[in-house]
Amino acid sequence: MSKQKTKFCCQECGYESPKWMGKCPGCQSWNTMVEEIETVVRTKGMNSSAPRTKEKPTPIIHIESSPEPRVVTSNKELNRVLGGGIVPGSLILVGGDPGIGKSTLLLQTSFELTQAHQKVLYISGEESVKQTKLRADRLNASSPLLYVLCETNLELIEEAIQEIEPDFLVIDSIQTVFHPAITSAPGTVSQVRECTGHFMRIAKGKGIATVLVGHVTKEGAIAGPRMLEHMVDCVLYFEGERHHSYRVLRAVKNRFGSTNEIGIFEMQEVGLVEVSNPSELFLSERPLGVAGSTVVASMEGTRPVLVEIQALVSSTNFPSPRRMATGVDHNRLSLIIAVLEKRMGMFLQNQDAYLNVAGGVKLDEPAVDLAIAISIASSFRDHATRPFDVVFGEIGLTGEVRGVSRIDQRVKEAEKLGFRRVIMPEKSLKGWTHPPGMEIIGVNTVSEALKAALD
């Protein structure tokens, strides 16, 4: 027997309530509670006569471990982010802003897999078959092993999977797919959760690598319940600015590899082209001999990336100066300015401070603190830094420069691009031999770093 029950679900976090509320108690969002009808099926208790299988607990030392088989694509940047290739039976969630290039990337990846004799089924719920064909013609991504279907009904999609038996499945997007047995509209919490569960069982049961495309909210998070990210094996974010030609594919969860890996792509007329040397791309338009410009060696996963940090400090007539940061945490900028005022004696209370990571890259590791401080001091004193200096190090509240990890990779990347001097924490120099052609300056405080960079 079944009984229908009405409930209200938050479309941001999945919070459920028996009555409507204007503000969600779970995520504090306004006007996100939507009415849904839930069908409750009453079944027998635990003593049902239905057959059940029981597995006995096994000591972990008796479990044989073997490396996961992977399908390596011709796209090295995608292989890097996924941890070495696509694992059969894995469930991957890809999110990004509208028009950022998610469908383009997945269509190119589908075509590359067909070149390795993999059968691919591309389910498009937002575009017609002809629109997908036009994109494939533009990308030169046509293959007899690439099947395209425009469908949003989950049952019909399962029938197509049973008929074709693909090795790789793309669902574009999960918010458009609906289960006929659920009365709520497509894209709601119940539909997204149920459809994702079906695709997870299909991926694990049949060994089909499945990619789900997810919409994002205005804050940049993947729309739908947070449970969606817990169900999948890998979560990828496709980032980038519309006015920039390159895109960043970032892994924030990966059960088969390391997290925080990034892949750099450049959007061209023929589609997304991988960038093998992102540091050279980010520094291609760097001005030399200009105050407020500093190059930092940052680590994105296992890859060192050299990025230019620009700062502009100007006087203000308002009682409260502005603090604006693009590419780094705004609170981190305020902290470093406070350290410069307290420990270095810089009077910045009547100065507006603007900070920008050139190229639109987002840096979140503490090793960029020292470069931010030197950029602000350089702009405040109107004194340019040396054009071939690289800086990295973490700053503490007492003005000390703390050590960072993987300095050998950072210095080698700087040497490869022609930089001659590195300003870094002295604590990181222990047990490490620097390249003979590089000048290494170890500093213990922000004062020593500013003296070395600006004198």
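In this chain, numbering begins with 1 at the start of the sequence shown.
With Gln118 as the fixed residue, the side chain to side chain contact (heavy atoms under 4.5 Å, CB included) test singles out one of Leu146, Asp167, Ile86: Asp167. When the options Arg247, Arg303, Arg250 are evaluated for a salt bridge (Lys or Arg N to Asp or Glu O under 4.0 Å) with Glu77, the one that passes is Arg303.
Between the side chain of Arg286 and the main chain of Pro387, a donor-acceptor pair closer than 3.5 Å is present. Of the possible polar contacts, one joining the Thr385 side chain to the Ser293 backbone as a donor-acceptor pair under 3.5 Å is found.
Defined by atom type and a distance below 3.5 Å, a donor-acceptor pair is present between the side-chain atoms of Ser279 and Glu413. Asn79 and Thr73 share a donor-acceptor pair across their side chains, judged by distance under 3.5 Å alone.
Residues Ile264 and Phe282 share a closest heavy-atom pair of CD1-CZ, 4.4 Å. Of all the heavy atoms in Leu397 and Arg343, the pair that sits closest is O-NE, 3.3 Å. Taking each heavy atom of Cys150 and Ser128 in turn, the nearest pair found is SG-CA, 4.0 Å. Heavy atoms only, all atoms of each residue included: Val87 and Arg70 are closest at CG2-NH1, 3.5 Å.
Phe392 carries Arg410 over the face of its six-membered ring, with the cationic atom under 6.0 Å from the centre and within 45° of the normal.
Side-chain contact between Ile395 and Leu370 is present, with at least one heavy-atom pair separated by less than 4.5 Å. Looking at heavy atoms from C-beta onward, Tyr15 lies out of side-chain contact with Thr32 at the 4.5 angstrom threshold.
The pair Arg421-Asp389 meets the salt-bridge criterion, with a side-chain N (NZ, NE, NH1 or NH2) lying under 4.0 Å from an Asp/Glu carboxylate O.
Among residues two or more places apart in sequence or in another chain, the side-chain contact (heavy atoms from CB on, under 4.5 Å) test is passed with Gln108 by Thr104, Leu139, Leu272.
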